[in-house]
Amino acid sequence: MKLAVIPGDGIGPEVVKQGLKVLNAVAKKYKFEVETQDVLMGGIAIDKTGVPLQDETVKICKESDAVLLGAVGGEKWDKLPGNLRPEAGLLGIRKALGVYANLRPAVVFPQLKSASMLKEEALKDGLDIMIIRELTGGAYFGEKKRVQLEDGTYKAWDTMIYSTAEIERITHMAFGIAKKRINKLTLVDKANVLESSRLWREVVTDIAKQYPEVELNYMYVDNTSMQLIRNPSQFNVILTENTFGDIISDEASMITGSLGMLPSASLGDGNVGLYEPIHGSAPDIAGQDKANPIATIMSVAMMLRYSFNMLDAADDIEKAINKVLDKGYRTGDIAIEGTKVVGCEAMGDLIVGEI
Ligand code: NAD
């Protein structure tokens with residue numbers, strides 16, 4: 001397994017170190033070799049090379065089997081122009097790898113129900129949702145313009161645009177993922193008013209014929225945002241376009257309680273997947289051994305599952321996390337009375353101990 005590793009800034013290097021520790025433990029158990037190469041991106045790359053993403057980084061990532069990323073950014077680089085900020089590196093690497101689907105699971109660990117923003121009653125059936133968000137199309141990338149009117153005021157527009165091909169490729173991916181779970185897929189759109197949503201419905205409905213074992217249903221995005229709070233366990237896999245996915249995936253993440261628990265994967269047709277926790281570089285706790293490494297460790301599990309089809313190894317990691325939580329160990333962000341607070345490094349060691 002050839003892995004490009006982007007530790008990044010702030011807590012990025014701390015959580016990535018724990019992710020790799022767990023990966024190495026799994027590699028030993030399942031007898032495979034991991035070869036890693038650290039590459040620069042984000043603020044640290046700006047400091048060392050003047051730009052957030054060098055061609056060399058892109059080249060190494062493209063030649064790898066997968067990329068593991070910590071987080072980038074920090075106040076130090078906030079005043080730089082947009083194209084030279086750490087986040088430009090993030091958008092640049094996603095674009096370079098052609099990753100058009102962002103997978104964000106929202107899982108509530110039974111041990112952490114009390115950390116959720118929802119009443120326990122709403123989570124009585126547990127929560128295990130996979131949101132698949134289109135990442136490179138729609139209003140964020142369509143034609144955008146601002147013009148000044150005669151009276152001095154402005155008119156501005158962003159175009160929500162999708163082609164059949166863009167919808168098809170992510171739809172096949174979504175059905176594939178639904179098949180690996182419980183054969184249930186919800187397409188979230190606004191087909192009652194948006195033409196692009198109507199195209200999504202037509203294309204997805206047509207492709208569904210190739211996956212008769214998967215139950216497909218449709219839901220408007222406004223209703224979805226309400227249902228996620230009212231009865232989140234009705235969902236399993238959600239497929240949606242870029243803007244809607246951006247909003248509902250953040251909504252779903254709050255149901256689960258802590259940013260430090262949420263992994264993500266970005267995939268495309270190329271062979272290289274990008275795996276990262278959804279949180280940022282958390283400058284307020286960086287360098288203090290306080291970060292929760294579980295989001296990154298779960299990102300490693302996603303990598304094994306989606307890039308390498310090593311389902312048992314991925315399950316092993318998730319079981320190990322569960323066991324450690326069962327034993328009452330918590331990092332500060334998820335600690336409650338009666339639990340044992342440990343640091344980032346110790347949490348990594350405890351999870352390794354259960355592999
Ligand atoms: P953040 O996610 O870094 O932190 C928000 C809050 O959550 C902070 O209080 C932080 O301490 C806490 N937190 C985050 N991850 C945690 C973890 N693993 N364990 C324990 N607590 C955790 O968001 P922010 O403060 O808005 O942004 C900080 C920097 O990160 C900014 O420069 C921002 O641009 C960048 N950022 C990067 C990414 C990325 O690299 N993908 C994503 C979001 C933000």
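It should be emphasised that the depicted structure is a prediction, and the values quoted were computed from it without experimental measurement. Along the sequence shown, residues carry numbers from 1. Every number for a ligand or one of its atoms is a count from 1 in the order of the listing.
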Checklist entry - Under 4.0 Å from atom 40 (O) of ligand 1, do we find at least one protein heavy atom? => result yes
Next on the checklist: Quiz question for you: does at least one protein heavy atom lie closer than 4.0 Å to atom 25 (O) of ligand 1?
Outcome noted: no
Item to check | Enumerated ligand 1 atoms positioned under 4.0 Å from heavy atoms of Ala71 | outcome: 40 (O)
Item to check | Which of the ligand 1 atoms, numbered from 1, are nearer than 4.0 Å to a heavy atom of Glu276 | outcome: 41 (N)
Checklist entry - Is the closest N or O pair between Asn292 and ligand 1 shorter than 3.5 Å? => result yes
Item to check | Check: Thr256 side chain, Ser253 main-chain N or O, donor-acceptor pair, under 3.5 Å | outcome: yes
Checklist entry - With atoms numbered from 1 as shown, which atoms in ligand 1 lie under 4.0 angstrom from a non-hydrogen atom of Gly260? => result 17 (C), 18 (N)
Checklist entry - Hey, looking at atom 29 (C) of ligand 1, which of Ser281, Pro277, Gly280, Ala286 has the closest heavy atom? => result Ser281
Next on the checklist: Please list the nearest protein heavy atom to atom 3 (O) of ligand 1 with its residue and the distance rounded to 0.1 Å.
Outcome noted: Ala282 N, 2.7 Å
Checklist entry - Just by distance, do the side chain of Asp9 and the backbone of Gly43 share a donor-acceptor pair under 3.5 Å? => result yes
Checklist entry - Do NZ/NE/NH1/NH2 and the carboxylate oxygens of Asp349 and Lys21 come within less than 4.0 Å? => result yes
Item to check | Under 4.0 Å to a heavy atom of Gly73 - the qualifying atoms of ligand 1, by number | outcome: 32 (O)
Item to check | Asp284 N/O to ligand 1 N/O under 3.5 Å | outcome: yes
Item to check | Side chain Glu134, main chain Thr136, donor-acceptor under 3.5 Å | outcome: yes
Item to check | Non-hydrogen protein atom less than 4.0 angstrom from atom 21 (N) of ligand 1 | outcome: yes
Next on the checklist: Tell me if a side-chain donor or acceptor on Arg133 pairs with a main-chain N or O of Asn242 at a distance below 3.5 Å.
Outcome noted: yes
Checklist entry - For ligand 1, which atoms, with element, lie under 4.0 Å from some heavy atom of Ala291? => result 19 (N)
Item to check | Shortest reach to atom 16 (C) of ligand 1 by a heavy atom, considering only Asp333, Ile6, Ile278, Ile11 | outcome: Ile11
Next on the checklist: Main chain of Gly152, side chain of Gln148: is a donor-acceptor contact present, judged purely on distance under 3.5 Å?
Outcome noted: yes
Item to check | Glu195 and Arg198 ion-paired at < 4.0 Å | outcome: yes
Item to check | same_hphob_cluster(Ile351, Ile11) at 4.5 Å side-chain heavy-atom cutoff | outcome: no
Next on the checklist: Against ligand 1, does Val72 come closer than 4.0 Å with any heavy atom?
Outcome noted: yes
Checklist entry - Can you tell me how far the CE atom of Met347 sits from the CD1 atom of Ile297, to the nearest 0.5 Å? => result 8.0 Å
Item to check | Numbered atoms and elements of ligand 1 in range of Leu259, under 4.0 angstrom, heavy atoms | outcome: 2 (O), 5 (C), 7 (O)
Item to check | Side chain, backbone, both or neither: Glu87 near ligand 1, heavy atoms under 4.0 Å | outcome: side chain
Checklist entry - Which ligand 1 atoms, with their elements, are less than 4.0 angstrom from a heavy-atom of Pro283? => result 28 (C)
Checklist entry - Using heavy atoms and a threshold below 4.0 Å, how should the contact between Leu69 and ligand 1 be classified: side chain, backbone, both, or neither? => result neither
Checklist entry - If we only count N/O pairs under 3.5 Å, is Gly70 in contact with ligand 1? => result no
Next on the checklist: Donor-acceptor check, side chain of Thr57 to backbone of Leu40, threshold 3.5 angstrom: yes or no?
Outcome noted: yes
Checklist entry - Should you measure from each heavy atom of Leu90, which atoms of ligand 1 turn up under 4.0 Å away? => result 39 (C), 40 (O), 41 (N)
Next on the checklist: In terms of relative ring orientation, are Tyr211 and Phe175 parallel, tilted or perpendicular, with 30° and 60° separating the classes?
Outcome noted: parallel
Under 3.5 Å, sequence neighbours excluded: what are the donor-acceptor pairs made by side chains of residues 272-283?
from: Tyr275; atom 1: OH; to: Ser307; atom 2: N; distance (Å): 3.4
from: Tyr275; atom 1: OH; to: Ser307; atom 2: OG; distance (Å): 2.7
from: Glu276; atom 1: OE2; to: Arg94; atom 2: NH2; distance (Å): 3.3
from: Ser281; atom 1: OG; to: Gly73; atom 2: O; distance (Å): 2.8

Checklist entry - Can you find a non-hydrogen atom of Gly74 under 4.0 Å from ligand 1? => result yes
Checklist entry - If you measure from the Lys or Arg side-chain nitrogens to the Asp or Glu carboxylate oxygens, is any gap between Lys290 and Glu14 under 4.0 Å? => result no
